[in-house]
Number of protein chains: 2
Amino acid sequence: MWERRYGFPQPARDQFGERVYLPQDIEKLRLLKRLMDRGHRPGKLMGLDVETLARLAAAPLPATDAEAPAANFHEFLRRLKDHDMQGVRNYLAQALMQQGLRTFVHETVAPLNAAIGQGWESGTIEVFEEHLYTEQMQRILRGAIMNLPAYHPVPKILLTTLPGEQHELGLLMAEAVLAVEGAHCVSLGVEMPVPDIVQAALRHGAHVVGLSFSIAFPAAAVAEGLHNLRTTLPPSIALWAGGRGSGHVKRPMAGVQLVPELFTLVELFKAWPGTPAK
Amino acid sequence: MWERRYGFPQPARDQFGERVYLPQDIEKLRLLKRLMDRGHRPGKLMGLDVETLARLAAAPLPATDAEAPAANFHEFLRRLKDHDMQGVRNYLAQALMQQGLRTFVHETVAPLNAAIGQGWESGTIEVFEEHLYTEQMQRILRGAIMNLPAYHPVPKILLTTLPGEQHELGLLMAEAVLAVEGAHCVSLGVEMPVPDIVQAALRHGAHVVGLSFSIAFPAAAVAEGLHNLRTTLPPSIALWAGGRGSGHVKRPMAGVQLVPELFTLVELFKAWPGTPAK
DNA sequence: GTCAAGCCTTTGTCCAGGACATAATCTATG
DNA sequence: CATAGATTATGTCCTGGACAAAGGCTTGAC
């Protein structure tokens with residue numbers, strides 16, 4: 001479509017008439033992707049040459065005054081950039097031990113995710129470094145969750161994501177804060193088709209189905225997926241939607257509980273009938 | 001394409017002329033998918049009605065006399081089908097403790113994977129049950145790997161899969177058997193683009209890049225991906241390809257070491273110059 | 001009867017050009 | 001300066017055509 005509309009890329013053709021992209025075009029496309037993720041629009045970028053794009057990509061973000069990564073994360077990011085995997089592991093394990101799982105999730109995992117995401121957008125973090133981070137963090141969280149007993153039989157909470165949502169860290173963070181409270185969680189992993197979610201919820205006798213949406217998940221798909229699931233799922237089973245992507249839902253949906261913050265998740269759990277307040 | 005060619009499915013159209021599929025058509029498509037995974041071809045199935053398809057799908061496989069799931073797995077599969085997650089976890093944890101990680105991988109994980117795969121093909125295992133299995137197994141394996149020290153600095157092995165290969169268990173099994181030997185492994189998780197693999201290998205100073213392919217990964221993509229990576233990666237870095245899908249490569253490729261079996265992986269590691277034989 | 005080589009059928013994926021809903025931006029008005 | 005409406009930009013769908021690659025079948029040799 002871009003080729004038709006903007007004249008870029010203009011691939012060569014192989015013997016069968018199929019498009020073959022030059023390496024330098026692919027490099028430009030990678031730059032475009034990064035800039036578009038930052039909010040630029042394709043029409044404006046397409047005409048620029050690689051150098052201009054690279055300069056744009058290298059330029060620092062307009063400093064979202066929201067939150068600069070806390071100073072102590074610099075140490076973590078340094079270890080990650082140095083590929084000191086043992087150091088990365090130690091940092092996380094130590095933070096977990098010092099803070100406890102609940103505080104660790106809120107004050108280390110969440111801000112670190114934001115810092116990594118920001119680094120990815122600004123190009124200071126490579127793809128494989130982001131993967132390494134995710135991999136190590138998943139290990140730490142899973143390890144911590146595994147050691148917690150589920151002493152509250154209700155509500156039984158089924159956790160998963162819809163097809164297309166591959167971001168597993170959000171799910172693990174939710175499971176972690178719930179596990180701390182002793183909640184009975186069953187995680188199905190990511191990308192579960194709606195009919196299978198329904199079937200799993202019924203078979204498990206789940207009281208709640210919890211979905212996690214990352215900010216990258218298309219807004220339309222969030223609404224459609226939730227509506228789909230809500231109409232298929234028996235009304236007696238609650239549906240909770242969390243993660244940054246759940247913010248895409250502007251107006252409240254009947255029978256869908258939005259969970260904008262991890263704190264909300266804990267509150268919802270504690271407010272469930274039969275869950276003793278601590 | 002099927003609609004054009006076979007007349008099925010014949011979706012209704014919404015107000016914008018876009019296809020809307022009836023739930024019963026989707027159900028038939030799910031059956032078709034399952035049967036095609038078993039080797040049936042679409043042209044033969046398309047004309048049949050749902051009942052016939054369901055009967056076909058329910059029919060047992062022609063009993064691949066290769067290996068019936070060992071009797072003791074029945075207990076595990078029963079717990080999985082009963083959604084007794086605590087029981088599933090206990091079974092795996094107990095097997096791991098009894099057998100040790102090396103034997104656990106070879107004699108429990110590998111055959112269980114086969115049994116689950118077979119159950120999925122024959123329709124006795126639901127999608128969400130397969131996800132649950134994968135999730136629990138991943139937790140066990142990651143937990144076990146995390147506690148092993150990497151006392152051999154060389155070779156440093158980078159583990160990952162190519163884009164499109166989402167199967168993570170194979171990767172974890174490889175990491176587990178290597179970790180038992182004290183190998184220095186760095187796992188990047190799944191679906192890493194070739195340029196990023198190269199970059200990661202260089203930055204980490206890896207001696208080996210290990211790729212895992214499941215049997216479901218298209219044969220052509222295995223060959224293309226390996227060739228691609230081999231030509232981009234410096235010749236000094238070895239490239240190992242394992243998993244059932246690596247069997248798709250018929251003739252040996254220069255500079256690519258095929259690893260048909262997990263045992264081979266350990267042998268390759270031990271044969272690396274500088275690795276002391278145990 | 002068994003096996004291999006070659007032919008035919010099946011099937012997936014590409015191509016081109018057209019259309020239009022929706023999101024993003026701009027403009028005019030209060 | 002804010003807001004509603006107009007305009008532009010952009011993604012995704014549609015149709016119909018083409019053909020490579022894989023799979024299955026037939027024929028002939030031994």
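What's counted below: heavy atoms across the whole structure, side chains too, no hydrogens, waters or symmetry copies. Protein chains get the first letters and strands the later ones, always in sequence-line order, with residue 1 at the start of each. Remember, it's a predicted structure, so these values are computed and weren't measured experimentally.
Under the 3.5 Å distance criterion, with hydrogens and angles disregarded, a donor-acceptor pair is assigned to the side chains of B/Gln199 and A/Glu126. No side-chain N or O of B/Glu165 forms a donor-acceptor pair with one of B/Ser212 less than 3.5 Å apart.
If you find the closest nucleotide of DNA chain C to A/Gly17 and to A/Gly39, the one lying nearer the 5' end belongs to A/Gly17. Closest-nucleotide positions on DNA chain D for B/Lys44 and B/Arg19 were compared, and the one nearer the 5' end corresponds to B/Arg19. Judged by closest nucleotide on DNA chain D, B/Glu18 is the one of B/Glu18 and B/Met1 placed further toward the 5' end. Along DNA chain C, the nucleotide closest to B/Gly43 and the one closest to A/Arg4 are compared, and the more 5′ of them pairs with B/Gly43.
In this structure, of D/dG11, C/dT11, D/dG17, it is D/dG11 that holds the atom nearest to the side chain of A/Arg5. For B/Arg13, the listed nucleotide lying nearest its side chain is D/dT15; candidates were C/dA16, C/dA24, D/dT15. You'll find that the side chain of A/Phe16 is closest to D/dA21, out of C/dA21, C/dT11, D/dA21.
Taking the six-membered ring for Trp, B/Phe263 and B/His106 have ring centres closer than 6.0 Å.
At the phosphate of C/dG12, OP1 or OP2 sits under 4.0 Å from a side-chain N or O atom of B/Trp2. Within the 4.0 Å cut-off from OP1 or OP2 of D/dA9, not a single side-chain nitrogen or oxygen of A/Tyr6 is found.
In this structure, B/Arg38 atom CZ and D/dG23 atom P are separated by 19 Å, rounded to whole Å. If you take CD of B/Gln15 and P of D/dC14, they are 14 Å apart, rounded to a whole angstrom. Atoms NE2 (B/His40) and C1' (D/dG23) sit 15 Å apart, rounded to a whole Å.
Counted within 6.0 Å of CD on B/Gln166, heavy atoms from surrounding residues, nucleotides or ligands total more than 12; the atom is thus considered enclosed. Crowding of B/Arg244 atom CZ: a count of heavy atoms from other residues, nucleotides or ligands under 6.0 Å not exceeding 12.
Using a 4.0 Å heavy-atom criterion, one finds that B/Met46 contacts no nucleic acid atom at all.
No N or O donor and acceptor, one from the side chain of B/Arg41 and one from the base of D/dG24, sit under 3.5 Å apart.
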